[in-house]
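Right, one structure below, let's go through it.
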2 protein chains.
Amino acid sequence: MDNNLRAEIDRLHAQICSGLADPNRILILYTLAENAYNVSDLALKVELPQSTVSRHLKVLRDRDMVTAQRDGQSVFYSLSDDRIIQALNLLRAMLASSLENQAALARSVQIAS
Amino acid sequence: MDNNLRAEIDRLHAQICSGLADPNRILILYTLAENAYNVSDLALKVELPQSTVSRHLKVLRDRDMVTAQRDGQSVFYSLSDDRIIQALNLLRAMLASSLENQAALARSVQIAS
DNA sequence: GTAAAGTATGCAAATAGGCGAATACTTACA
DNA sequence: TGTAAGTATTCGCCTATTTGCATACTTTAC
(Lines give C-alpha, C1' and ligand atoms only; values in the text may rest on other atoms or scores of the structure.)
Protein backbone atom coordinates (compact mmCIF):
# COMPACT_ATOMS: atom_id res chain seq x y z
CA MET A 1 0.00 0.00 0.00
CA ASP A 2 1.02 3.57 -0.63
CA ASN A 3 2.75 4.86 2.46
CA ASN A 4 0.90 8.16 2.57
CA LEU A 5 -2.44 6.44 2.31
CA ARG A 6 -1.43 4.04 5.06
CA ALA A 7 -0.42 6.98 7.21
CA GLU A 8 -3.72 8.73 6.56
CA ILE A 9 -5.72 5.63 7.46
CA ASP A 10 -3.64 5.14 10.60
CA ARG A 11 -4.42 8.74 11.50
CA LEU A 12 -8.16 8.15 11.18
CA HIS A 13 -7.81 4.84 12.95
CA ALA A 14 -6.04 6.55 15.86
CA GLN A 15 -8.71 9.22 15.89
CA ILE A 16 -11.38 6.59 16.41
CA CYS A 17 -9.31 5.03 19.18
CA SER A 18 -8.95 8.42 20.82
CA GLY A 19 -12.74 8.48 20.95
CA LEU A 20 -12.48 5.53 23.32
CA ALA A 21 -9.69 7.03 25.39
CA ASP A 22 -11.77 8.57 28.15
CA PRO A 23 -13.52 6.79 31.01
CA ASN A 24 -16.65 8.93 30.77
CA ARG A 25 -16.96 8.25 27.08
CA ILE A 26 -16.59 4.53 27.69
CA LEU A 27 -19.41 4.71 30.19
CA ILE A 28 -21.48 6.69 27.70
CA LEU A 29 -20.83 4.18 24.92
CA TYR A 30 -21.82 1.20 27.06
CA THR A 31 -24.90 3.08 28.17
CA LEU A 32 -25.91 3.89 24.61
CA ALA A 33 -25.35 0.28 23.63
CA GLU A 34 -28.27 -0.62 25.91
CA ASN A 35 -30.63 2.17 24.89
CA ALA A 36 -30.82 5.36 22.92
CA TYR A 37 -30.92 8.38 25.21
CA ASN A 38 -31.38 12.09 24.82
CA VAL A 39 -28.68 14.28 26.27
CA SER A 40 -30.25 15.24 29.56
CA ASP A 41 -31.50 11.75 30.39
CA LEU A 42 -28.08 10.41 29.53
CA ALA A 43 -26.52 13.03 31.78
CA LEU A 44 -28.74 11.87 34.64
CA LYS A 45 -27.94 8.24 33.91
CA VAL A 46 -24.17 8.67 33.91
CA GLU A 47 -24.21 11.37 36.59
CA LEU A 48 -22.31 14.04 34.72
CA PRO A 49 -23.15 17.66 33.94
CA GLN A 50 -25.14 18.18 30.77
CA SER A 51 -22.41 20.23 29.14
CA THR A 52 -19.83 17.55 29.76
CA VAL A 53 -22.03 14.87 28.25
CA SER A 54 -22.88 17.05 25.28
CA ARG A 55 -19.23 17.69 24.62
CA HIS A 56 -18.37 13.99 24.85
CA LEU A 57 -21.19 13.23 22.45
CA LYS A 58 -19.73 15.74 20.03
CA VAL A 59 -16.40 13.93 20.17
CA LEU A 60 -18.16 10.66 19.38
CA ARG A 61 -20.32 12.23 16.68
CA ASP A 62 -17.29 13.76 14.97
CA ARG A 63 -15.87 10.24 14.70
CA ASP A 64 -19.16 8.72 13.50
CA MET A 65 -19.27 6.54 16.58
CA VAL A 66 -22.74 7.68 17.60
CA THR A 67 -25.74 8.84 15.62
CA ALA A 68 -27.86 11.82 16.59
CA GLN A 69 -31.55 12.05 15.77
CA ARG A 70 -33.65 15.02 16.71
CA ASP A 71 -37.14 14.39 18.08
CA GLY A 72 -38.81 17.58 19.19
CA GLN A 73 -36.60 19.44 21.57
CA SER A 74 -34.62 16.36 22.36
CA VAL A 75 -31.75 14.86 20.45
CA PHE A 76 -31.54 11.11 20.79
CA TYR A 77 -28.16 9.51 20.55
CA SER A 78 -27.48 5.91 19.71
CA LEU A 79 -24.46 3.76 19.03
CA SER A 80 -23.67 3.79 15.31
CA ASP A 81 -21.87 0.45 15.14
CA ASP A 82 -21.83 -2.49 17.51
CA ARG A 83 -18.22 -3.24 16.61
CA ILE A 84 -17.31 -0.41 18.98
CA ILE A 85 -18.66 -2.47 21.86
CA GLN A 86 -17.01 -5.61 20.52
CA ALA A 87 -13.65 -3.84 20.44
CA LEU A 88 -14.19 -2.40 23.91
CA ASN A 89 -15.11 -5.83 25.22
CA LEU A 90 -11.98 -7.40 23.78
CA LEU A 91 -9.82 -4.81 25.48
CA ARG A 92 -11.75 -5.10 28.71
CA ALA A 93 -11.30 -8.87 28.70
CA MET A 94 -7.61 -8.30 28.18
CA LEU A 95 -7.56 -5.95 31.12
CA ALA A 96 -9.34 -8.54 33.24
CA SER A 97 -6.73 -11.19 32.38
CA SER A 98 -4.01 -8.78 33.27
CA LEU A 99 -5.59 -7.93 36.62
CA GLU A 100 -6.03 -11.64 37.38
CA ASN A 101 -2.38 -12.25 36.65
CA GLN A 102 -1.39 -9.43 38.93
CA ALA A 103 -3.60 -10.81 41.69
CA ALA A 104 -2.14 -14.30 41.27
CA LEU A 105 1.34 -12.85 41.39
CA ALA A 106 0.51 -10.94 44.56
CA ARG A 107 -0.80 -14.14 46.16
CA SER A 108 2.30 -16.12 45.21
CA VAL A 109 4.49 -13.43 46.73
CA GLN A 110 2.51 -13.65 49.96
CA ILE A 111 2.89 -17.40 50.06
CA ALA A 112 6.59 -17.20 49.38
CA SER A 113 7.24 -14.69 52.15
CA MET B 1 -21.33 -3.52 40.56
CA ASP B 2 -19.91 -1.00 43.01
CA ASN B 3 -19.79 2.34 41.28
CA ASN B 4 -16.28 3.22 42.39
CA LEU B 5 -14.92 -0.08 41.16
CA ARG B 6 -16.70 0.42 37.87
CA ALA B 7 -15.17 3.88 37.58
CA GLU B 8 -11.71 2.50 38.33
CA ILE B 9 -12.05 -0.21 35.74
CA ASP B 10 -13.31 2.31 33.19
CA ARG B 11 -10.25 4.40 33.97
CA LEU B 12 -7.90 1.50 33.27
CA HIS B 13 -9.95 0.58 30.22
CA ALA B 14 -9.63 4.12 28.88
CA GLN B 15 -5.93 4.05 29.61
CA ILE B 16 -5.53 0.99 27.41
CA CYS B 17 -7.54 2.69 24.69
CA SER B 18 -5.33 5.75 24.95
CA GLY B 19 -2.43 3.43 24.15
CA LEU B 20 -4.06 2.94 20.75
CA ALA B 21 -4.78 6.61 20.21
CA ASP B 22 -1.73 7.52 18.18
CA PRO B 23 -1.01 6.66 14.55
CA ASN B 24 2.62 5.82 15.19
CA ARG B 25 1.71 3.46 17.99
CA ILE B 26 -0.83 1.76 15.77
CA LEU B 27 1.86 1.24 13.18
CA ILE B 28 4.19 -0.09 15.87
CA LEU B 29 1.57 -2.51 17.19
CA TYR B 30 0.80 -3.92 13.74
CA THR B 31 4.52 -4.22 13.10
CA LEU B 32 5.11 -6.09 16.35
CA ALA B 33 2.17 -8.35 15.57
CA GLU B 34 4.20 -9.67 12.63
CA ASN B 35 7.55 -10.02 14.39
CA ALA B 36 9.37 -9.17 17.56
CA TYR B 37 11.83 -6.33 17.02
CA ASN B 38 14.46 -4.60 19.04
CA VAL B 39 14.14 -0.86 19.36
CA SER B 40 16.57 0.27 16.70
CA ASP B 41 15.40 -2.23 14.09
CA LEU B 42 11.84 -1.24 14.83
CA ALA B 43 12.79 2.41 14.44
CA LEU B 44 14.25 1.64 11.01
CA LYS B 45 11.19 -0.37 10.06
CA VAL B 46 8.67 2.29 10.97
CA GLU B 47 10.94 5.16 9.93
CA LEU B 48 10.88 7.10 13.17
CA PRO B 49 13.68 8.39 15.40
CA GLN B 50 14.87 5.93 18.02
CA SER B 51 13.84 8.18 20.88
CA THR B 52 10.33 8.50 19.54
CA VAL B 53 9.97 4.75 19.18
CA SER B 54 11.39 4.13 22.62
CA ARG B 55 8.96 6.56 24.16
CA HIS B 56 6.01 4.98 22.37
CA LEU B 57 7.16 1.57 23.55
CA LYS B 58 7.22 2.87 27.09
CA VAL B 59 3.61 3.97 26.73
CA LEU B 60 2.68 0.50 25.50
CA ARG B 61 4.77 -1.22 28.17
CA ASP B 62 3.17 0.83 30.93
CA ARG B 63 -0.19 -0.49 29.75
CA ASP B 64 1.06 -4.10 29.43
CA MET B 65 0.32 -4.02 25.74
CA VAL B 66 3.83 -5.09 24.75
CA THR B 67 6.40 -7.26 26.44
CA ALA B 68 10.07 -6.39 26.64
CA GLN B 69 12.79 -9.01 26.77
CA ARG B 70 16.43 -8.14 27.00
CA ASP B 71 18.90 -10.11 24.89
CA GLY B 72 22.41 -8.75 25.20
CA GLN B 73 22.40 -5.06 24.41
CA SER B 74 19.12 -5.27 22.61
CA VAL B 75 15.65 -5.25 24.06
CA PHE B 76 13.15 -7.19 22.00
CA TYR B 77 9.58 -6.09 22.07
CA SER B 78 6.60 -8.20 21.19
CA LEU B 79 2.85 -7.87 21.35
CA SER B 80 1.58 -9.11 24.69
CA ASP B 81 -1.92 -10.06 23.58
CA ASP B 82 -3.40 -10.68 20.17
CA ARG B 83 -6.73 -9.23 21.27
CA ILE B 84 -5.13 -5.83 20.76
CA ILE B 85 -4.90 -6.55 17.05
CA GLN B 86 -8.40 -8.02 17.01
CA ALA B 87 -9.77 -4.85 18.56
CA LEU B 88 -7.80 -2.66 16.17
CA ASN B 89 -9.06 -4.71 13.23
CA LEU B 90 -12.66 -4.32 14.33
CA LEU B 91 -12.27 -0.58 14.51
CA ARG B 92 -10.42 -0.45 11.23
CA ALA B 93 -13.17 -2.45 9.53
CA MET B 94 -15.66 0.03 10.95
CA LEU B 95 -13.62 2.87 9.55
CA ALA B 96 -13.54 1.17 6.16
CA SER B 97 -17.34 0.84 6.15
CA SER B 98 -17.66 4.47 7.03
CA LEU B 99 -15.29 5.55 4.27
CA GLU B 100 -17.19 3.39 1.76
CA ASN B 101 -20.45 5.02 2.78
CA GLN B 102 -18.92 8.42 2.35
CA ALA B 103 -17.63 7.49 -1.09
CA ALA B 104 -21.02 6.13 -2.13
CA LEU B 105 -22.66 9.29 -0.91
CA ALA B 106 -20.21 11.40 -2.89
CA ARG B 107 -20.95 9.39 -6.04
CA SER B 108 -24.70 9.76 -5.59
CA VAL B 109 -24.32 13.50 -5.21
CA GLN B 110 -22.33 13.64 -8.43
CA ILE B 111 -24.99 11.65 -10.27
CA ALA B 112 -27.76 13.82 -8.91
CA SER B 113 -26.07 17.06 -9.99
C1' DG C 1 -44.13 36.78 20.42
C1' DT C 2 -42.62 34.81 24.66
C1' DA C 3 -41.46 31.45 27.98
C1' DA C 4 -39.66 26.98 28.91
C1' DA C 5 -37.17 22.77 27.88
C1' DG C 6 -33.41 20.80 25.74
C1' DT C 7 -28.96 21.14 23.61
C1' DA C 8 -24.58 23.17 22.11
C1' DT C 9 -20.71 26.34 22.67
C1' DG C 10 -17.40 30.12 24.35
C1' DC C 11 -14.33 30.80 27.98
C1' DA C 12 -10.49 30.07 31.12
C1' DA C 13 -7.66 27.04 33.68
C1' DA C 14 -5.54 22.80 34.28
C1' DT C 15 -3.66 18.62 32.55
C1' DA C 16 -1.87 15.60 29.29
C1' DG C 17 0.55 14.22 25.18
C1' DG C 18 3.59 14.72 21.20
C1' DC C 19 8.16 15.72 19.00
C1' DG C 20 13.51 15.76 17.95
C1' DA C 21 17.98 16.53 19.72
C1' DA C 22 21.01 15.72 23.12
C1' DT C 23 22.42 13.09 26.96
C1' DA C 24 22.53 9.40 30.34
C1' DC C 25 22.33 4.74 31.26
C1' DT C 26 23.32 -0.42 30.34
C1' DT C 27 25.54 -4.27 28.33
C1' DA C 28 29.16 -6.55 25.82
C1' DC C 29 33.66 -7.19 24.68
C1' DA C 30 38.52 -6.11 23.75
C1' DT D 1 39.24 -0.08 32.12
C1' DG D 2 37.61 1.86 28.06
C1' DT D 3 34.94 1.90 23.88
C1' DA D 4 30.95 0.95 21.15
C1' DA D 5 26.18 -0.47 20.48
C1' DG D 6 21.68 -0.27 22.03
C1' DT D 7 18.16 1.79 24.85
C1' DA D 8 15.93 5.11 27.95
C1' DT D 9 15.30 9.66 29.61
C1' DT D 10 15.66 14.71 30.03
C1' DC D 11 14.79 19.16 27.99
C1' DG D 12 12.34 22.70 25.66
C1' DC D 13 8.57 23.56 23.05
C1' DC D 14 4.20 23.10 21.22
C1' DT D 15 -0.57 21.31 20.53
C1' DA D 16 -4.58 18.95 22.21
C1' DT D 17 -8.03 17.60 25.65
C1' DT D 18 -11.03 17.92 29.62
C1' DT D 19 -13.82 20.36 32.82
C1' DG D 20 -17.65 23.45 34.91
C1' DC D 21 -19.92 27.57 34.49
C1' DA D 22 -22.35 30.69 32.02
C1' DT D 23 -24.50 31.73 27.85
C1' DA D 24 -26.37 31.16 23.26
C1' DC D 25 -29.04 28.60 20.24
C1' DT D 26 -33.26 25.67 18.82
C1' DT D 27 -37.74 23.80 19.23
C1' DT D 28 -42.29 23.53 21.22
C1' DA D 29 -46.38 25.30 23.30
C1' DC D 30 -49.05 28.83 25.23
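All values derive from a computational prediction rather than experimental measurement. The chains referred to below are lettered A, B, ... by the order of the sequence lines, with proteins before strands, and numbering in each begins at 1.
Atom-to-atom distance recorded for S98(A):OG and R63(B):CZ is 12.5 Å, nearest 0.5 angstrom. Taking CG of D22(A) as the reference point, atom CZ of R11(B) lies at 12.0 Å (rounded to 0.5 Å).
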Heteroatom pairs (N/O) under 3.5 angstrom, protein to nucleotides 14-16 of chain D:
none

Pick out the pairs of N or O atoms, protein on one side and nucleotides 2-4 of chain D on the other, that lie under 3.5 Å.
none

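Summarising the geometry, the separation between CG on L60(B) and P on dG17(C) is reported as 13 Å, rounded to the nearest angstrom. The distance between atom CG of L20(A) and atom P of dT18(D), rounded to the nearest whole Å, is 12 Å. Spacing between atom NZ of K58(B) and atom P of dT10(D) amounts to 9 Å, rounded to whole angstrom units. Taking atom CG of residue L57(B) and atom C1' of nucleotide dT9(D), one finds them 14 Å apart after rounding to whole Å. When the P atom of dT27(C) is taken as reference, atom CZ of F76(B) falls 15 Å away, rounded to whole Å. As a whole-Å value, the separation of D71(B) CG from dC29(C) C1' is 15 Å.
Of all heavy-atom pairs spanning H13(A) and L88(B), the tightest one is NE2-O, 2.9 Å. The heavy-atom pair separating A36(A) from S78(A) by the smallest distance is CB-CB, 4.1 Å. Across all non-hydrogen atoms, the minimal contact from L32(A) to Y77(A) is CD2-O, 3.4 Å. Contact between A87(A) and L90(B) at its shortest, heavy atoms only, is N-CD1, 3.6 Å. Closest of all the heavy-atom pairs between M65(B) and G19(B) is SD-CA, 4.2 Å. Minimum heavy-atom separation, I85(A) to L29(A): CD1-O, 3.8 Å.
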| query | Could you walk me through whether K45(B) and D41(B) pass the salt bridge (Lys or Arg N to Asp or Glu O under 4.0 Å) check? | reply | CA-CA 6 Å; K45(B) 178 80 174 173; D41(B) 284 353; over 6 Å; no

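The side chain of R70(A) places no N or O atom within less than 4.0 Å of a non-bridging phosphate oxygen (OP1 or OP2) of dT7(C). Side-chain N/O atoms of Y77(A) include none lying less than 4.0 angstrom from OP1 or OP2 on dG6(C). The phosphate of dT7(C) (OP1 or OP2) has a side-chain N or O of S74(A) nearer than 4.0 angstrom.
Within a 6.0 Å sphere centred on CD of E8(A), other residues, nucleotides and ligands contribute more than 12 heavy atoms.
For the segment residues 33-54 of chain A, residues with any heavy atom less than 4.0 angstrom from an atom of DNA chain D are, sorted by number, P49(A), S51(A), T52(A).
For the pair R92(A) and D10(B), the salt-bridge criterion is met [side-chain N within less than 4.0 Å of a carboxylate O].
Along DNA chain C, the nucleotide nearest H56(B) and the nucleotide nearest A68(A) are compared for position; the residue whose nucleotide lies closer to the 5' end is A68(A).
Each of L60(A), I16(A), L20(A) was scored for a side chain to side chain contact (heavy atoms under 4.5 Å, CB included) with I84(A), with one residue passing: L20(A).
Set against dT7(C), dA8(D), dT9(C), the side chain of R61(B) has dA8(D) as its closest nucleotide.
With hydrogens and angles ignored, a donor-acceptor pair under 3.5 angstrom links the side chain of R55(A) to the base of dG10(C).
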